[in-house]
Amino acid sequence: MVAQTSDGHILLTKKLGGLFAIIIGCLLTAVGVTFESSGTTILGVLFLALGAVLLVLKIIRRNQGPPLT
């Protein structure tokens with residue numbers, strides 16, 4: 001059963017944005033650690049956190065509904 005939402009594009013944007021941010025964050029973190037660049041490492045970790053937050057917001061929004069009784 002698939003729930004239909006009126007803001008499906010927003011959920012898709014959060015999902016794709018979150019996945020993109022996690023991929024970029026992993027790459028930046030790996031490059032930063034390899035070349036011992038603290039700025040790049042911190043930027044990578046921030047992208048990882050942003051991606052995780054976007055995915056969590058998407059999941060929370062999707063699971064909102066009437067409470068089960």
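A quick note: this is a predicted structure, and the numbers were derived from the prediction, not measured.
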**Asked** Hey, quick one: are Phe20 and Leu43 part of the same hydrophobic cluster, counting side-chain heavy atoms closer than 4.5 Å, chains of contacts allowed?
**Response**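 Yes, Phe20 connects to Leu43 through the hydrophobic network.
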
**Message:** With a 4.5 Å cut-off on side-chain heavy-atom distances among I, L, V, M, F, W and Y, is there a chain of contacts connecting Leu55 to Leu48?
**Reply:**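 As far as the 4.5 Å side-chain criterion goes, Leu48 and Leu55 are connected within one cluster.
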
**Candidate list Val33, Thr40, Thr34, test side chain to side chain contact (heavy atoms under 4.5 Å, CB included), partner Ser37, passing option** =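 Answer after filtering Val33, Thr40, Thr34: Thr40.
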
Distance check, rounded to the nearest 0.5 Å: [X] atom [atom1] versus [Y] atom [atom2]?
X     : Y     : atom1 : atom2 : answer
Lys15 : Ile59 : NZ    : CD1   : 9.0 Å
Asn63 : Lys58 : CG    : NZ    : 8.0 Å
Ile24 : Leu46 : CD1   : CG    : 14.0 Å

**Glu36 atom CD, over 12 foreign heavy atoms within 6.0 Å** =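 At most 12 heavy atoms, drawn from other residues, nucleotides or ligands, come within 6.0 Å of this atom.
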
**Non-hydrogen side-chain atoms of Phe47 and Ile22 separated by less than 4.5 Å** =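 They are not in contact (no side-chain heavy atoms under 4.5 Å apart), so the answer is no.
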
**Request:** State, to 0.1 Å, how close Leu50 and Ala21 come at their nearest heavy-atom pair, and which atoms those are.
**Result:**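 Nearest pair, atom of Leu50 first, then Ala21: CD2-CB, 4.3 Å.
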
